[in-house]
2 protein chains.
Amino acid sequence: MTGRMKEGSGSGTAAKGSRKAARPGGRSARVQESVHRAVRELIGERGRDGLTVPLVAARAGVTPSTVYRRWGDLQELLSDVAVERLRPEGAPEDHGSLRADFGAWAEQFLEEMASAAGRAYIRDALAGDPDGGNAGQCSAYAAEQVRILLGRAAGRGETVPELEEAMDVVVAPIMYRILFRPGAETAVGEEQAGPAGAAGSGAGADYARRLVERLLPG
Amino acid sequence: MTGRMKEGSGSGTAAKGSRKAARPGGRSARVQESVHRAVRELIGERGRDGLTVPLVAARAGVTPSTVYRRWGDLQELLSDVAVERLRPEGAPEDHGSLRADFGAWAEQFLEEMASAAGRAYIRDALAGDPDGGNAGQCSAYAAEQVRILLGRAAGRGETVPELEEAMDVVVAPIMYRILFRPGAETAVGEEQAGPAGAAGSGAGADYARRLVERLLPG
DNA sequence: ACCACTGACGCAAAGATTTCGCGTTAAGGT
DNA sequence: ACCTTAACGCGAAATCTTTGCGTCAGTGGT
């Protein structure tokens, strides 16, 4: 990961309240922040397995029943934390053209999402998510980034595809391969790749670039 | 659902051994079949929530420790059952042309996967799947169906796209929308749909057809 | 056909997690 | 400042999960 996603433990100052916003005031916000931080720390120390509600609660300085009442179970709590960490940090870089912008973004997106940590967060986000709200948030994050890319290109006078089409052609295949085809995040059913690694450094960089070229005419 | 996926409780005669095939002989096979059937029955009776390992074990006529030892936890068991139910029943129908074949298949695929039951099974399959083996099996099922479509069209002399490209352009967007964009399985970023429901009956039928047309030239 | 070997199961106790009722605290509004 | 009520802490009860040990049944060899 190069920096699109949150890395450090708790960089933000204010709680976000991704779940129930019924009473987002002082104490509830403190508890949520404390529990989220406990989860992040314990994941770093003991891994996602070996994580239990009583353990998280103890680290956070609350009682287990508080966690159960707010989040229901460990899965939903992990889902909340995962979504928070899958949120992009800033706007995608500007490389002068839609092809370069989108290519670089897709490359980075694939690399981060396909990493062991990224895949774990994606699966956590999906797993404890009855109504699909957290998964929708993840998709909204990516769509927002792509919308910025397209809007920027349109401002340059370039002809740009629809956002929906861009999500279908570039983002969806990346996520599909990560989730359903472990170990196949590279390779695309087209011509042989360039001599060896055209621009990107990672393994699936070529794949990401080729998805972007499938979207853009020319 | 019209019949691509398994519907009834236990139609097959022999156990399949989707997990450990260490000792697939008589008793182990009976236990696996019995536990799987118990899960299917209880899901039908009490829903996926309110399902516990002791409950399943009691229905299956085994002790909870047996379930824990074979599957680890409820999630992995549900993942196994989900993959079994996501397996296609037979070969896709023949409509005379790749466009018609693929369109009809995609339409049916979307309808089944986007249903409440289909989505639940997909999420279960992904959730309890440490190594991604079950998810890979789901993808392999779909890929096999598409491979049949493409091979049949090639036999007719049609020019056909690569399997990988077909998966990227048609299957991936369908699964992405189901997982990450609840309530947005229809609509595509192109021209307005036909007058009103061209051929398919379901809501997302037009979307599936348009994905196929994005893949096929002409 | 018989026998030894080994993986899988049942049973039951120990341990951990999850649920629930009730009193208390503190946020939000008037 | 006072009232209302969502959210929390505490502790007991219920439920689930793990583990050790004896037994049973498939598997392969003779």
Side-chain angles (χ1 to χ4, degrees), chain A residues 13-39 42-43 45-81 124 127-128 130, chain B residues 13-39 42-43 45-81 124 127-128 130:
Chain A
T13 55
K16 170 172 69 77
S18 70
R19 188 153 286 267
K20 333 258 173 83
R23 205 165 184 171
R27 184 167 67 164
S28 292
R30 276 197 303 277
V31 167
Q32 163 152 345
E33 172 57 26
S34 176
V35 170
H36 277 209
R37 175 171 49 241
V39 169
L42 287 170
I43 284 179
E45 294 173 18
R46 314 176 50 142
R48 192 159 358 285
D49 307 330
L51 210 67
T52 66
V53 169
L55 197 67
V56 170
R59 172 69 63 104
V62 301
T63 60
S65 62
T66 295
V67 175
Y68 285 117
R69 275 195 256 256
R70 286 258 306 234
W71 284 278
D73 60 8
L74 184 62
Q75 275 198 339
E76 294 189 33
L77 171 58
L78 288 176
S79 181
D80 270 11
V81 174
D124 282 348
Chain B
T13 56
K16 171 170 68 75
S18 70
R19 186 157 287 268
K20 331 260 173 80
R23 203 163 185 171
R27 185 166 68 164
S28 291
R30 277 197 302 276
V31 167
Q32 163 153 343
E33 172 58 26
S34 176
V35 170
H36 277 210
R37 175 171 46 240
V39 169
L42 287 170
I43 284 179
E45 293 173 18
R46 313 175 54 141
R48 191 154 2 281
D49 307 329
L51 210 66
T52 68
V53 169
L55 197 67
V56 170
R59 172 68 64 103
V62 300
T63 60
S65 62
T66 294
V67 174
Y68 285 117
R69 274 194 256 257
R70 287 254 310 227
W71 283 277
D73 61 7
L74 183 62
Q75 275 197 340
E76 295 189 33
L77 172 57
L78 288 177
S79 181
D80 269 11
V81 173
D124 282 347

(message) Heavy atoms within less than 4.0 Å of DNA chain D: which residues of residues 55-64 of chain B have one? Give them sorted by number.
(response) none
(request) Measure the CD-OG1 distance between A/Gln32 and A/Thr66 for me, rounded to the nearest 0.5 Å. (result) 13.0 Å
(message) What is the separation between atom CG on A/Leu74 and atom P on C/dA16, rounded to the nearest whole Å?
(response) 17 Å
(request) Grab the CH2-P distance between B/Trp71 and C/dA8 for me, whole Å please. (result) 11 Å
(request) Identify, with sequence neighbours excluded, every residue that meets side chain to side chain contact (heavy atoms under 4.5 Å, CB included) alongside B/Arg59. (result) B/Ala38, B/Glu41, B/Leu42, B/Glu45
(request) Kindly compute the distance separating CG (A/Asp73) from CG (A/Leu78), expressed to the nearest 0.5 Å. (result) 9.0 Å
(message) So, does B/Arg70 get its side chain near the phosphate of C/dA8, meaning an N or O under 4.0 Å from OP1 or OP2?
(response) no
(request) Tell me which nucleotide among D/dG20, D/dG9, D/dA7 gets nearest to the side chain of A/Arg27. (result) D/dA7
(request) Find the distance between CZ (A/Arg46) and CG (A/Leu55) and round it off to the nearest 0.5 Å. (result) 5.0 Å
(message) Should the side chain of B/Arg69 and the base of C/dG10 be counted as holding a donor-acceptor pair, with the cut-off at 3.5 Å?
(response) yes
(request) Check the pair B/Val81, B/Asp124 against side-chain contact (heavy atoms from CB on, under 4.5 Å), reporting the backbone distance first and the verdict last. (result) CA-CA 9 Å; B/Val81 173; B/Asp124 282 347; over 6 Å; no
(request) Check whether any side-chain nitrogen or oxygen of B/Arg30 sits under 4.0 Å from OP1 or OP2 of D/dA25, and answer yes or no. (result) no
(message) Once you apply a heavy-atom cut-off of 4.0 Å, does A/Thr52 come out as touching a base, just sugar-phosphate, or nothing?
(response) sugar-phosphate
(message) In this structure, how many angstroms lie between the P atom of D/dC8 and the CD atom of A/Gln32, rounded?
(response) 10 Å
(request) Spell out yes or no: do the side chain of A/Ser65 and the base of D/dC8 have one donor N/O and one acceptor N/O closer than 3.5 Å? (result) no
(request) With the side chain counted from C-beta on, respond yes when A/Val35 and A/Val56 share a heavy-atom pair under 4.5 Å apart, and no when they do not. (result) yes
